[in-house]
Amino acid sequence: MALRLYNTLSGKIEEFHPLQNNEVRMYACGPTVYDYGHIGNFRTFVAVDILRRFLLQTGFRVRHVMNITDVDDKIIRNSAQAGLSVKAYTAKYEKAFLEDSSTLNIEQPLLARATDHIEEMARFVAELEKKGFAYRTEDGSYYFRIAKFPSYGKLSKKDFAGMEDGARVDVDEYEKDNARDFALWKAPKPGEAFWESPIGPGRPGWHIECSAMSMHELGETFDLHAGGEDLIFPHHENEIAQSEALTGKPFVHFWFHARFLLVEGEKMSKSAGNFFTLRDLALRGYKPSAIRLLLASVPYRHQLNFTFDGLKQMASNVEKLRNFQLRLKTGQFPSGSADSKLASETVERMTSALNDDLNTAQAQAAIFEMVRKANVAIDNGQMKKDDVAPLLAALEKFDEIFAVLRDDDAPKMKAILEWAKAEGREKDVSQELLESVGVQSLSDADIEAKIAAMEAARRARNFQASDAIRAELTSAGLLVEITKDGVRWRRK
RNA sequence: GGCGCGGUACCCAAGUGGUAAGGGAGAGGUCUGCAAAACCUUUAUACGUCGGUUCGAUUCCGACCCGCGCCUCCA
């Protein structure tokens, strides 16, 4: 069965096949590094990560490039205000973005920084001018002439045929031939940062960087281009226009767009007070694994309502999966096999759910059903030794996509705690975060020693002593379970 | 105004032309020295409202109400 994906360009779900051999060449619009990434940004990046991971799991090789926009109007403005160079200003937020991505177990694509490719962008613009698709204005800026590109609007399904010229001309863009013409290259205004180039001093327009860098890394026509839904217009529409004007070839086969999320049922905005960065949530004590699972739990084309209640639910889900994995790994089971089909059927269900336009909700339903059935088998003594490995493998298969099983929340939260201290944000640190991090102060050896003491007390039927040790470990953030196979523990 | 998406139980959320996945939460129970974990039972005569097509619609069509997105370099 092949992967079926919604393609914004055709407006339909289509079978996805790479253009060349077995390699998928994909480009994802990355962050503009002028501030910390918020939870909406990361919904998109997690969606792309899931796509990437599933393509890999399916057996494709993936060449995945993502841009870092480290020059734009906002950056120039903010860095000037901060009294920093553009480079120094963006470096901080680029680093934060990469850290946050890794906190969410987002696999890192090949990165392409806009400021490392200024030369190519200038050449791109010069070439467009030569072909008559671009014109220079008096101040030295360059614009794309959309009247020369008849299929303009094909991605966003907009009809510009009857568009009035100059209907809404911005004050500082009075030189454009048509209000819809967009900037390819911006001449510097006094005091602004700029780059020297063959087409004169200035800085690239926003859209040109993605066209120039994606074609540079992936070729003139490649498989898939991803981003948030807001980028459909104008950003991706403009990329298509520039790129296809330059090459005369189709730019991208599949356009993949992730839907925006809501926060507590409302559009996220700073003024509504529901604007959260990833770090804000961590400071409140929410674990990265729960955040990732929530972001991944609703299929990417659906609006996701991001709530704190949902976050708590997802934390329970993560616990349930990790508990189950631990139960399988530590349990003693009689030899033989009782049920050879549960694991394989689950894998099949997950795969076909993901093949169906990445239906992550159904994939999760499949794994939870497996967990319940297997738990029943364990409870009833029906679980056999040979059934364990396939079930663990099915969990791993799930985790190759969702990446929430590994118990690595505590060190990540510790890093965020340290960041908060360095940034003077101690007042935002919650009790929950401190507790999560507190587990770190106990080494495995410490814990094992305490567990041993607890077991000894239990054998002596000194329950008061054993309960005291257990209470201590529990309050340090451990899950401690007494089972017939002995005491089992893990960090929560 | 133009184009597009969605409204499913207490909450989150799949899905189908023939009568509703999964998770969380609540209640009761099993197990247990007590816990924890796990499991069982239970919680939508019903899928925004009103019409239509159909033997039959939550699923198709139309209207309306509500939420959301793009049309302004916000993922």
Side-chain angles (χ1 to χ4, degrees), chain A residues 8 11 28-32 37-48 69 72-74 153 156-160 168 170 180 182-183 186 205-207 226-235 237-238 257-262 265-270 275 293-294 297-307 309-324 326-327 349 353 356 359-380 458 461-464 466-467 470-471 474 478-484 487-490:
Chain A
T8 308
C29 285
T32 301
H38 59 69
I39 208 62
N41 298 126
F42 287 111
R43 197 239 171 144
T44 298
F45 296 125
V46 167
V48 172
T69 300
D72 86 327
D73 294 352
K74 227 173 318 194
S156 53
K157 316 283 186 282
K158 293 182 193 304
D159 182 6
F160 295 99
R168 292 189 307 152
D170 292 341
R180 290 283 170 181
F182 56 88
K186 296 185 179 185
W206 175 34
H207 316 297
E229 62 169 332
D230 59 316
L231 299 183
I232 296 171
F233 190 90
H235 185 51
E237 195 72 68
N238 292 350
H257 293 103
R259 186 109 203 250
F260 271 18
L261 53 67
L262 299 180
E266 309 215 348
K267 180 177 172 147
M268 181 169 70
S269 71
K270 286 185 177 161
F275 181 94
L293 194 60
L294 180 54
S297 66
V298 177
Y300 74 96
R301 283 205 299 132
H302 288 233
Q303 200 166 51
L304 157 67
N305 187 10
F306 191 93
T307 65
D309 191 46
L311 226 31
K312 287 177 194 135
Q313 292 180 17
M314 288 303 154
S316 302
N317 283 345
V318 170
E319 289 298 302
K320 189 173 182 125
L321 294 171
R322 290 181 183 172
N323 277 339
F324 173 68
L326 186 70
R327 207 178 181 202
R349 272 184 69 191
D356 182 14
N359 192 331
T360 47
Q362 285 206 348
Q364 286 183 18
I367 203 75
F368 279 108
E369 214 162 296
M370 180 189 90
V371 169
R372 197 190 68 242
K373 285 179 177 165
N375 270 323
V376 170
I378 296 173
D379 283 356
N380 296 339
R458 289 192 73 242
R461 299 195 68 79
N462 183 352
F463 293 121
Q464 212 175 354
S466 97
D467 287 356
R470 184 173 63 196
T474 303
L478 290 181
L479 174 72
V480 180
E481 296 175 80
I482 295 163
T483 74
K484 63 181 191 330
V487 175
R488 181 160 75 194
W489 66 273
R490 64 180 184 78

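Just so we're on the same page: letters track the sequence lines, and every chain starts at 1.
Dashed line: the shortest gap from a side-chain N or O of A/Asn375 to OP1 or OP2 of B/A38 is not under 4.0 Å. Under 4.0 angstrom from either OP1 or OP2 of B/C39 there lies at least one side-chain N or O belonging to A/Lys320. The shortest distance between the side-chain N/O atoms of A/Asn359 and the OP1/OP2 oxygens of B/G15 is below 4.0 Å. Side-chain nitrogen and oxygen atoms of A/His257 include none within less than 4.0 Å of the OP1 or OP2 phosphate oxygen of B/G69. Here A/Lys74 reaches the OP1 or OP2 of B/C74: one of its side-chain N or O atoms lies under 4.0 Å away. An OP1 or OP2 oxygen of B/C40 is reached within less than 4.0 angstrom by a side-chain nitrogen or oxygen of A/Arg372. Under 4.0 angstrom from either OP1 or OP2 of B/G24 there lies no side-chain N or O belonging to A/Lys312.
Centre separation under 5.5 Å together with a plane angle under 30° does not hold for the ring of A/Phe45 and the six-membered base ring of B/A75, so they are not marked as stacked. Put simply, A/Phe463 rests on the base of B/G33: the two rings are less than 5.5 Å apart at their centres and nearly parallel, under 30°.
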N/O contacts under 3.5 Å, protein versus nucleotides 26-32 of chain B?
none

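The pairing partner recorded for B/U16 is none, the criterion being a Watson-Crick or G-U wobble arrangement whose two distances lie under 3.5 angstrom. With a 3.5 Å ceiling on both atom-pair distances, the Watson-Crick or G-U wobble partner of B/G1 is B/C71. Of all nucleotides present, only B/U49 satisfies the Watson-Crick or G-U wobble test against B/A63, with each distance under 3.5 Å. The partner of B/A25, taking Watson-Crick or G-U wobble pairs whose two distances both stay under 3.5 Å, is B/U43.
For A/Asn323, counting side-chain heavy atoms from C-beta on, the closest listed nucleotide (B/A75, B/G33, B/A37) is B/A37. Closest approach to the A/Gln362 side chain among B/C71, B/G22, B/A14 is made by B/A14 (side chain taken as heavy atoms from C-beta onward).
Within 4.0 Å (heavy atoms only), A/Phe368 reaches sugar-phosphate atoms of the nucleic acid but no base atom. A/Gly310 comes within 4.0 angstrom of no nucleic acid atom, judged by non-hydrogen atoms across all strands.
Aromatic ring orientation, A/His207 versus A/His235: tilted (interplanar angle from 30° to 60°).
Between B/U16 and B/A20, the distance separating the two P atoms is 15 Å to the nearest Å. With P as the reference atom, B/G62 and B/G4 are 12 Å apart, rounded to whole Å. B/C50 sits 12 Å from B/U59 when the P atoms are compared, rounded to a whole Å.
When the nearest nucleotides of RNA chain B are assigned to A/Pro299 and A/Asp379 by heavy-atom distance, the more 5′-ward of the two goes with A/Pro299.
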